[in-house]
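In what follows, residues are counted from 1 in the order of the sequence shown.
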Amino acid sequence: MSRIAASVWRISLFVLAVAAIFWLGAVNIRAVIGNDMLKTGTLEFEGYMDPEAEREIFRLLSFASVVIIISYATVLISGTVFLLTSPFRLKENGWLMMSAILFYTFVPVESFTLYLDGKMAYKEFFTTEGNEVFRELFVARVGALAGAPVIALLCYYTIIALAVFRPFTKTSISADEA
């Protein structure tokens with residue numbers, strides 16, 4: 001393997017790790033910020049919230065959405081570059097194969113929710129829409145695809161565990177050990 005190829009997969013792995021930290025961190029921040037807006041277990045808004053406070057929460061959600069969109073795109077690109085250039089073969093590293101399957105399975109789900117996030121960010125930064133439009137977008141985002149984004153998030157945390165513990169790694173056994 002040439003020095004350039006070795007550098008490319010290492011750089012893409014570093015970019016992948018940094019972008020994933022920002023992406024998953026922003027996803028969790030968005031969940032924490034938006035969690036208090038809805039009644040527990042429903043898609044109904046709490047009645048006690050002041051309209052100005054609600055508007056500020058939507059503003060914060062829009063900022064988090066921008067970070068999520070940029071970070072996810074970076075993770076997607078750097079993850080693909082890593083898989084194409086790394087010396088790790090999927091056949092010999094089951095943990096990497098499982099991680100790739102878990103990640104790429106949810107690309108359509110993430111694309112749809114990123115579209116909704118982008119719509120909210122656009123309305124926040126480039127229009128003067130009222131709270132009703134943001135409420136509609138927020139409920140659409142939270143209820144998107146019947147909970148598939150939550151399952152995707154659990155899979156992303158599973159990928160972290162797979163990368164740390166590396167199960168299903170093929171080791172070659174020499175004739176002396178057999």
**Prompt:** Is there a side-chain contact (heavy atoms from CB on, under 4.5 Å) between I11 and V81 once you walk through the steps?
**Reply:** CA-CA 10 Å; I11 290 170; V81 170; over 6 Å; no
Can you name the residues that form a side chain to side chain donor-acceptor pair (under 3.5 Å) with [X], not counting sequence neighbours?
X	answer
T80	Y104
N131	none
R55	E124
R135	E54

**Asked** Please, which pairs that meet side-chain hydrogen bond (donor to acceptor under 3.5 Å, both in side chains) have at least one residue in residues 18-28, sequence neighbours excluded?
**Response** N28-Y157
Heavy atoms only: give me the nearest [X]-[Y] pair and the separation to one decimal.
X	Y	result
F106	C155	CE1-SG, 3.5 Å
A144	P149	O-CD, 3.3 Å
V75	A20	CG2-N, 3.4 Å
A19	T74	CB-CG2, 3.6 Å

**Asked** What orientation do Y156 and F103 show, parallel under 30°, tilted 30 to 60°, or perpendicular over 60°?
**Response** tilted
**Asked** Taking T158 for the side chain and L154 for the main chain, is one N or O donor matched with an acceptor at less than 3.5 Å?
**Response**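 Present.
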**Item:** Donor-acceptor contact below 3.5 Å, side chain T113 vs main chain E110
**Value:** yes
**Message:** Please enumerate all residues that pass salt bridge (charged side-chain N to carboxylate O under 4.0 Å, His left out) together with K39, with sequence neighbours excluded.
**Reply:** E44
Going by ring pair (Phe, Tyr, Trp, His ring centres under 6.0 Å), name the residues that satisfy it together with [X], two or more places apart in sequence or in a different chain.
X	value
F134	F58
F112	none
F165	none

**Message:** Quick check on E136: does its CD atom have over 12 non-hydrogen neighbours (other residues, nucleotides or ligands) under 6.0 Å away?
**Reply:**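 12 or below, so no.
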**Prompt:** Is it true that atom CZ of F22 has more than 12 heavy atoms of other residues, nucleotides or ligands lying nearer than 6.0 Å?
**Reply:**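 12 or below, so no.
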Pairwise distance [atom1]([X]) to [atom2]([Y]) - rounded to 0.5 angstrom:
X	Y	atom1	atom2	result
R30	I68	CZ	CD1	3.5 Å
K170	R89	NZ	CZ	13.5 Å
D50	E56	CG	CD	11.5 Å
T128	K123	OG1	NZ	10.5 Å
L114	L76	CG	CG	9.5 Å
S62	I57	OG	CD1	12.0 Å

Look at the side-chain heavy atoms of Ile, Leu, Val, Met, Phe, Trp and Tyr, link any pair under 4.5 Å apart, and say whether [X] and [Y] land in one connected group.
X	Y	result
M49	L43	yes
L116	M37	no
L16	V8	no
V66	I33	no
I101	F88	yes

**Asked** Are F125 and F63 close enough that their ring centers fall under 6.0 Å?
**Response**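 Yes, the ring centres sit under 6.0 Å apart.
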Side chains of [X] and [Y]: does their closest heavy-atom pair fall under 4.5 Å?
X	Y	result
V15	F82	no
V133	T127	no
L96	T169	no

Which pairs pass salt bridge (charged side-chain N to carboxylate O under 4.0 Å, His left out) with one or both residues in [range], sequence neighbours excluded?
range	answer
residues 71-84	none
residues 139-149	D117-R141
residues 64-73	none

**Request:** Give the intermediate values and the outcome of side-chain contact (heavy atoms from CB on, under 4.5 Å) for residues V67 and I29.
**Result:** CA-CA 11 Å; V67 172; I29 287 171; over 6 Å; no
**Asked** Between V27 and Y72, is a side-chain contact (heavy atoms from CB on, under 4.5 Å) present by the stated rule, with each step listed?
**Response** CA-CA 10 Å; V27 166; Y72 182 77; over 6 Å; no
